[in-house]
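Let me begin by presenting the structure, written as structure tokens, before commenting on it.
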Amino acid sequence: MTTTNPAAPRLSVIVHGRDVQGLLGVCLDAVAGQLPSGVELLTAAVGEAAQDVAVRHGGTVVPLPDGTSDAAARAAGAGRARGDWLWFVHAKDRPPVGGVRALLDRVSEVPDTVDVVVADHVRSTWRSSGGGSGGDARYLAAVGRRDVTLGEAPGLLRVTPLLGNRALRAAFWRAHEEELAADDEMFPARAALVLADRIACTEQVVLDVRALRRESLPPVTAEQRYRLIGAYEDLQRLMQRLRTPARPRAVLYDLMATEAMRVVARETMPDEVAREFFHRASAAAVRWEPAGHRRPGGLEGIRRRLLEEDAYTKYRAFQAANHRRRDLKAAVRAGKKKAGAKVRDHYYQRALRTPVDPELAVFSAYWDRGVACNPGAIAAKLAELAPHVRPVWVVSKATEPLLPPGTDHVVPGTRRYWEVMARAAYLTNNVNFPNAVVKRPDAIHLQTHHGTPLKKMGLDQLDYPTASKGLDFDALLSRIDKWDYSVSANSHSTRMWEHAYPSHYVSLDHGYPRNDVYYSATAADIRAVRDRLGIAPGKRAVLYAPTHRDYEATWTPRLDLTALSERLGAGTVLLVRGHYFYGGTASPLAGLRRSGRVIDVSTYDPVEELALAADALITDYSSIMFDYANLDRPIISYADDWETYAKTRGTYFDLMAEPPGHVARTQDELTEILVGGAWRDEASAKARAHFRRRFCEFDDGHAAERVVRRVFLGEPEEALPPVVPVESRTPAPTPEEATS
């Protein structure tokens, strides 16, 4: 961990520049509204208008005259900063909710050898907010939680070159301030990576980059165009001087050639400027071509050859021919797509004119993944109580081979799919059907959901761009308006669904049908599941099921499961429902898997069987905790990043104030809870009892029956089986009880 002056802030946020289109106030509001302890705000305000705005928002104001360059503004702000780390945020951009905390947390945990921390970002325009991903997640995910040299991770040069998506250690900045001085962020952002001893990453989104309308900006001059090539050459010279390894130099070379050709192909500029730009790019491409470099194949290789030959006229001719070829292919594709859509619409529209089949029910779960979750439990109960209703499952082509034998099903896009969707009297899903599916007046749409909401959902995500990247809220509302019924497991869910998904549907406070098994499973069922999983009698099984984080492109392991397994000993088996970390043969858990102490259950379905097999659950913020609580077995919350998660994703309640059991903030705390026996003590039971009363309110083992009788058989609510009070229920036996 970094050792710092306790009187100094850990992070200095330096907002710099003039007040462009009134966006400085938005930026400062975003920073000041989430300024945690250990962070200072400085505004290097260029011009009187920016200074007036900055003074109203507090923090340290560094007044600068009109015309001050971005590089000078950054330097002036850094000169007044007291923090151990510097974060330069342009006045037009802003950190999303939780962005400041996310960056603070990451710089606080990296070792002293790290000079730069690189993060993810989203993009906004004048008409959309935080909807466009920066596209850098895969490069950050490749590094994960390690710290690396640029030679070990040259792909980091491909991360969008902004100073706002990285933090620089203050001592590092001051040691290299002259080398990092440039108005265009491309050079200092990449030069920082070249100069850094070691680099760390976070996949969390810390910056919302505002793209201004091109029409509102001054035209780009010829010298500004040429400066791009000069900046790349300066980076090459820096690498040459520092003897940077070959791989980063090759990546930078490819970036230079690709961007140069992109500018010529896509940017509007006079022909003489474009010709001179191409000439300078060609000279740079020849001058800095790495030894042994091979051109890429295909069209890209042809472009590279023309660039290296300085063949501007030929390049333009090739570009024009390529455009014609691409336009022709696009026209052919569009024609085929239009023809296919016309055929589909013909079948669908014709089917929509036929009567609804009152005995046809369509089911789907998890975007056509198969027979699962609440729809699966409802379909099973439907076969028992209303066998005259025919279920048809919508499944993807890849899922077809995994279906239970004899399952009637359709694949999306096929002729029968559209006929079934048009004629079904019942449409049941735990997500939404595609926008193209028409809601007929005499058909019933049943939305079952697939968890109790801790994180913000639906329209409640509007204020959280990290969570709502790419989400079309108008289309979402259109899909919600098709619902007739919404199933709920507790009053909390009912209120949250009605707030997040406002429409005319009827809330069914009947419980989640998938949780019925937690009251109907027998000791023999539990023994059978444990046998299938390879858990020996007498061994304790702990299920570890972390949730997805929207600010990470892929799952980053937050526990050292090797160390945890060793501390728990041979008498404990870890059931790990994780991601790619456990899939490869080179996994550090391979030896433990062979010993039977760690079992990868990432692809095991149904998850309810894993819960039945486990003596205890470790999770973070996954909705599995609400379902598992029905079993009245210990739950430990591993919440090492709760503040970051809550601020970036948004939550409906404070899990730390109302947890289902003990909370561990570090691996050592988690290990002590499991080794010392606190996982099943009186405090754990007390917290779990409160949690069950609130969140297992309607789950009593009869949810599927209530839903089928109400929706498919039309029985009035007063005729349905009443909900059994929590204190009067008997969950399935524990594994210990099942084997005794």
Side-chain angles (χ1 to χ4, degrees), residues 361-395 399 402-409 424 426-433 444-452 483-490 493-494 497 507-522 525-526 528-529 604-613 623-631 695-713 715 720-721 723-724 729-732:
V362 168
F363 290 88
S364 181
Y366 296 119
W367 300 274
D368 308 332
R369 232 170 57 190
V371 180
C373 193
N374 291 316
I378 292 170
K381 184 59 69 172
L382 185 68
E384 176 188 332
L385 298 180
H388 62 282
V389 178
R390 307 186 316 278
V392 176
W393 281 87
V394 180
V395 297
T399 303
L402 306 178
L403 289 173
T407 302
D408 192 4
H409 64 279
Y426 306 96
L427 299 170
T428 301
N429 207 330
N430 69 352
V431 289
N432 273 302
F433 287 103
I444 294 174
H445 191 312
L446 173 62
Q447 171 58 249
T448 73
H449 305 284
H450 52 277
T452 289
W483 301 357
D484 292 292
Y485 295 105
S486 168
V487 178
S488 183
N490 45 64
S493 294
T494 301
W497 296 149
S507 293
L508 299 181
D509 293 343
H510 296 343
Y512 276 160
R514 70 181 184 188
N515 291 339
D516 287 352
V517 69
Y518 296 141
Y519 297 95
S520 62
T522 65
D525 295 329
I526 292 169
V529 173
Y604 186 100
D605 285 315
V607 69
E608 290 80 22
E609 289 191 358
L610 299 177
L612 288 168
S623 65
I624 193 175
M625 74 178 86
F626 302 100
D627 302 329
Y628 190 82
N630 281 286
L631 291 167
F695 296 112
C696 301
E697 186 178 2
F698 308 137
D699 288 340
D700 62 353
H702 303 287
E705 180 180 356
R706 283 190 286 267
V707 171
V708 169
R709 291 191 181 280
R710 178 77 181 279
V711 176
F712 294 86
L713 297 179
E715 296 182 10
L720 305 180
V723 175
V724 178
R729 301 174 195 166
T730 303

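Fair warning: this is a prediction, and the values are worked out from it, not measured in the lab.
Looking at Val517 and Pro606, their side chains never come closer than 4.5 Å, going by heavy atoms from C-beta outward. Trp483 has its side chain within reach of Asn432: a pair of non-hydrogen atoms, C-beta onward, lies under 4.5 Å apart. The side-chain heavy atoms of Tyr366 and Cys373, taken from C-beta on, include a pair separated by under 4.5 Å. Within the 4.5 Å cutoff, side-chain heavy atoms of Val723 are placed close to those of Arg729.
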Review item, side-chain donor-acceptor pairs of residues 379-394, under 3.5 Å, at least two apart:
unit_1: Lys381; atom_1: NZ; unit_2: Glu384; atom_2: OE1; d: 3.2
unit_1: Arg390; atom_1: NH1; unit_2: Asp357; atom_2: OD2; d: 3.4
unit_1: Arg390; atom_1: NH2; unit_2: Asp357; atom_2: OD2; d: 2.9

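With sequence neighbours excluded, no residue forms a salt bridge (Lys or Arg N to Asp or Glu O under 4.0 Å) with Glu697. Remark: Asp484 pairs with Lys439 by the salt bridge (Lys or Arg N to Asp or Glu O under 4.0 Å) rule, at least two apart or across chains.
The OG1 atom of Thr448 sits 7.0 Å away from the CG atom of Asn429 when rounded to the nearest 0.5 Å. The distance from the NE2 atom of His449 to the CD atom of Gln447 is 4.5 Å, given to the nearest 0.5 Å. Atoms OH and NE2, on Tyr485 and His510 in that order, are 8.5 Å from each other to the nearest 0.5 Å. Note: Leu508 CG to Ser488 OG = 9.0 Å, rounded to the nearest 0.5 Å. If you take OH on Tyr604 and CD on Glu609, they are separated by 4.0 Å, rounding to the nearest 0.5 Å. One distance of note links CD1 of Ile378 with OH of Tyr512; it measures 10.5 Å at 0.5 Å rounding.
The pair Arg706-Asp516 fails the salt-bridge criterion, with no side-chain N (NZ, NE, NH1 or NH2) lying under 4.0 Å from an Asp/Glu carboxylate O.
Nearest approach of Ala732 to Ile526, heavy atoms of both residues: CB-CD1, 4.3 Å. Closest approach of Ala365 to Pro375, counting heavy atoms only: CB-CG, 4.2 Å. For Ser623 against Gly451, the heavy-atom pair with the smallest separation is OG-CA, 3.8 Å. The minimum heavy-atom distance linking Phe698 with Asp509 is given by the pair CE1-CB, 3.3 Å. Of all heavy-atom pairs spanning Tyr519 and Pro731, the tightest one is CD2-CA, 3.8 Å. For the pair Val362 and Ala424, the tightest heavy-atom approach, listed with the atom from each and the gap, is CG2-CB, 3.6 Å.
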* Can you check side chain to side chain contact (heavy atoms under 4.5 Å, CB included) on Ile624 and Leu610, steps first, answer last? -> CA-CA 11 Å; Ile624 193 175; Leu610 299 177; over 6 Å; no
* Where do Leu612 and Asp525 land on the side chain to side chain contact (heavy atoms under 4.5 Å, CB included) test, with the steps shown first? -> CA-CA 9 Å; Leu612 288 168; Asp525 295 329; 5.7 Å; no
* Passes side chain to side chain contact (heavy atoms under 4.5 Å, CB included), Val707 versus Leu446? Steps please. -> CA-CA 10 Å; Val707 171; Leu446 173 62; 3.8 Å; yes
* Asked: Please walk me through it: do Asp699 and Phe626 pass side chain to side chain contact (heavy atoms under 4.5 Å, CB included)?
  -> CA-CA 10 Å; Asp699 288 340; Phe626 302 100; over 6 Å; no
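Side-chain contact of Asp627 with Tyr518: a donor-acceptor pair under 3.5 Å is absent, judged by distance alone.
Remark: side-chain polar atoms of Asn374 are paired, donor with acceptor, to backbone N or O of Arg514 under 3.5 angstrom.
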